[in-house]
Student: 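One structure, pasted below without further comment.
All values below come from the heavy atoms of this structure, side chains included, with hydrogens, waters and symmetry mates left out. Not measured: the values here are computed from a predicted model.
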Amino acid sequence: MMRVLGVDPGSAATGWAVVCKTGNTFALEDGGVIRTGKGTRPTRLARLDESLAEIVERLRPEAAAVESSFSGVNPRSGLRLAESRGVILAVLGRFAIEVEEYSPSQVKQAVTGYGRAEKAQVKFMVARLLHLEKTPPADAADAMAVALAHLQAARWKSVT
């Protein structure tokens, strides 16, 4: 069994999910959204650090997959996203967790078979692959998709 933490970084909301793979079956162990709330940027980044560290400590994933930044964001949003990604990578480094990064198109390709799939298609396939009764919230679904992309990539690496 392989357990991967998928993370979809955000400045206000960061999706996370631990997905397990046993044989050819995927299962969601846990997932959700870290909302940093109101306050100064340093306070919000500290909340992200504390929340993600608690998740990693509690669930002990073997590896992590983080979605890389989308280049089409405006400079201010891009800077805030980069700050959040820095916190996320620092937390994962503190716990010595191996990290792989995937672009949005790589995640969509791995989950739906099409690198330009719409968000609704990704959410549908995440629910189907993880045998969920209903589609998860957007940020959590994105994190689940990132974890699935990593598990799919690991599968292809073991074949070659």
Side-chain angles (χ1 to χ4, degrees), residues 3-19 28-59 61-127 129-130 132 134-154:
R3 297 169 70 236
V4 174
L5 170 66
V7 183
D8 176 41
S11 58
T14 294
W16 66 275
V18 173
V19 176
L28 175 65
E29 185 172 321
D30 200 355
V33 179
I34 299 169
R35 298 195 188 283
T36 57
K38 297 186 187 234
T40 66
R41 189 74 186 133
T43 302
R44 294 172 68 197
L45 291 170
R47 280 190 209 119
L48 175 58
D49 180 288
E50 292 166 5
S51 297
L52 187 60
E54 183 276 324
I55 290 163
V56 170
E57 214 165 4
R58 179 170 49 90
L59 297 174
E62 298 167 47
V66 179
E67 188 169 78
S68 60
S69 299
F70 176 65
S71 60
V73 297
N74 73 50
R76 184 180 173 131
S77 297
L79 179 59
R80 291 185 184 259
L81 183 57
E83 291 171 344
S84 296
R85 284 178 41 78
V87 168
I88 291 162
L89 295 174
V91 169
L92 296 171
R94 192 164 63 237
F95 284 91
I97 295 175
E98 181 182 324
V99 178
E100 292 288 335
E101 297 183 59
Y102 298 92
S103 70
S105 62
Q106 287 175 310
V107 172
K108 291 173 182 180
Q109 178 70 38
V111 174
T112 70
Y114 179 58
R116 295 183 180 203
E118 298 292 324
K119 280 208 174 261
Q121 291 173 289
V122 174
K123 284 175 69 169
F124 173 80
M125 284 306 297
V126 162
L129 289 168
L130 294 174
L132 305 176
K134 59 183 181 175
T135 57
D139 293 312
D142 289 347
M144 292 171 201
V146 174
L148 287 165
H150 183 73
L151 290 166
Q152 294 285 43

Student: To the nearest 0.5 Å, what is the distance between CG on N74 and CG on L81?
Tutor: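 Those atoms lie 11.0 Å apart.
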Student: Measure from the side-chain N and O atoms of R85 to the backbone N and O of E67, and report whether any donor-acceptor pair falls under 3.5 Å.
Tutor: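 A pair under 3.5 Å: yes.
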Student: Please examine the side chains of V66 and L92, heavy atoms only from C-beta on, and report whether any two atoms are closer than 4.5 Å.
Tutor: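 Sidechains of V66 and L92: in contact.
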Student: Please determine, by modelled atom types, if S84 and R41 share a side-chain donor-acceptor pair under 3.5 angstrom.
Tutor: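 A pair is found: one side chain offers a donor N or O, the other an acceptor, under 3.5 Å apart.
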Student: Would a 4.5 Å heavy-atom cut-off, applied to side chains only, mark D30 and R58 as touching?
Tutor: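 In short, these two side chains touch, coming nearer than 4.5 Å.
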Student: Is there side-chain contact between E100 and V4, with at least one heavy-atom pair below 4.5 Å?
Tutor: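 A side-chain contact is absent here, since even the closest heavy-atom pair is not under 4.5 Å.
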Student: Do I88 and L48 come within less than 4.5 Å of each other through their side chains, counting heavy atoms only?
Tutor: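 They are in contact (side-chain heavy atoms under 4.5 Å apart), so the answer is yes.
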Student: Can you name the closest pair of heavy atoms from A143 and A17 and give their distance?
Tutor: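 Closest pair (atom of A143, atom of A17, distance): CB-N, 3.8 Å.
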Student: For atom CD of E98, decide whether the heavy atoms of other residues, nucleotides or ligands shown that lie under 6.0 angstrom number more than 12.
Tutor: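 No, CD of E98 has 12 or fewer neighbouring heavy atoms, counting only those of other groups under 6.0 Å.
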Student: Please report the closest heavy-atom contact between A140 and G32, naming both atoms and the distance.
Tutor: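 Distance-wise, the nearest heavy atoms are CB-O, 3.9 Å.
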Student: With heavy-atom distances below 4.5 Å as the criterion, would you say the side chains of L59 and L5 are in contact?
Tutor: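 L59 does not reach L5 side chain to side chain.
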Student: If you define the side chain from C-beta out and look only at heavy atoms, does anything of I55 sit under 4.5 Å from I34?
Tutor: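 The answer is yes, as the side chains (C-beta and beyond) meet within the 4.5 Å cut-off.
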Student: What is the minimum heavy-atom distance between A127 and T135, and which atoms define it?
Tutor: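 Heavy-atom minimum between the residues: CB-CG2, 4.0 Å.
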Student: Quick check: closest heavy atoms across K38 and R47, and the distance to 0.1 Å?
Tutor: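 In this case the closest contact between K38 and R47 is O-NH1, 2.8 Å.
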Student: Under the salt bridge (Lys or Arg N to Asp or Glu O under 4.0 Å) rule, what pairs show up with a residue in residues 112-126, not counting sequence neighbours?
Tutor: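 Salt bridge (Lys or Arg N to Asp or Glu O under 4.0 Å) check on residues 112-126 returns K119-D142.
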Student: For a 4.5 angstrom cut-off between non-hydrogen side-chain atoms, does M125 reach L148?
Tutor: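 Side chain of M125 against side chain of L148, heavy atoms only: no contact under 4.5 Å found.
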Student: Which atom pair, heavy atoms only, marks the closest approach of V19 to A147?
Tutor: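 So the minimum-distance heavy-atom pair works out to CG2-CB, 3.7 Å.
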Student: What do the steps show when you test V7 against V146 for side-chain contact (heavy atoms from CB on, under 4.5 Å), and what is the final call?
Tutor: CA-CA 7 Å; V7 183; V146 174; over 6 Å; no
Student: Using side chain to side chain contact (heavy atoms under 4.5 Å, CB included) as the criterion, point out the one residue from L129, V126, V122 that pairs with T112.
Tutor: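 Testing T112 for a side chain to side chain contact (heavy atoms under 4.5 Å, CB included) against L129, V126, V122 leaves exactly one candidate, V122.
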Student: Atom CG of D139 and atom CE of M144: how far apart are they, to the nearest 0.5 Å?
Tutor: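 If we round to the nearest 0.5 Å, D139:CG and M144:CE are 10.5 Å apart.
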Student: Judged by atom type as modelled, is there a donor-acceptor pair below 3.5 Å linking the side chain of R44 to the main-chain atoms of G37?
Tutor: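 Yes; at least one donor-acceptor contact below 3.5 Å.
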Student: Do L52 and V87 have side chains that approach each other closer than 4.5 Å (heavy atoms only, starting at C-beta)?
Tutor: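 No, side chains not in contact.
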Student: If you look at every heavy atom in A149 and V107, which pair is closest and at what distance?
Tutor: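 That closest heavy-atom pairing would be CB-CA, 4.0 Å.
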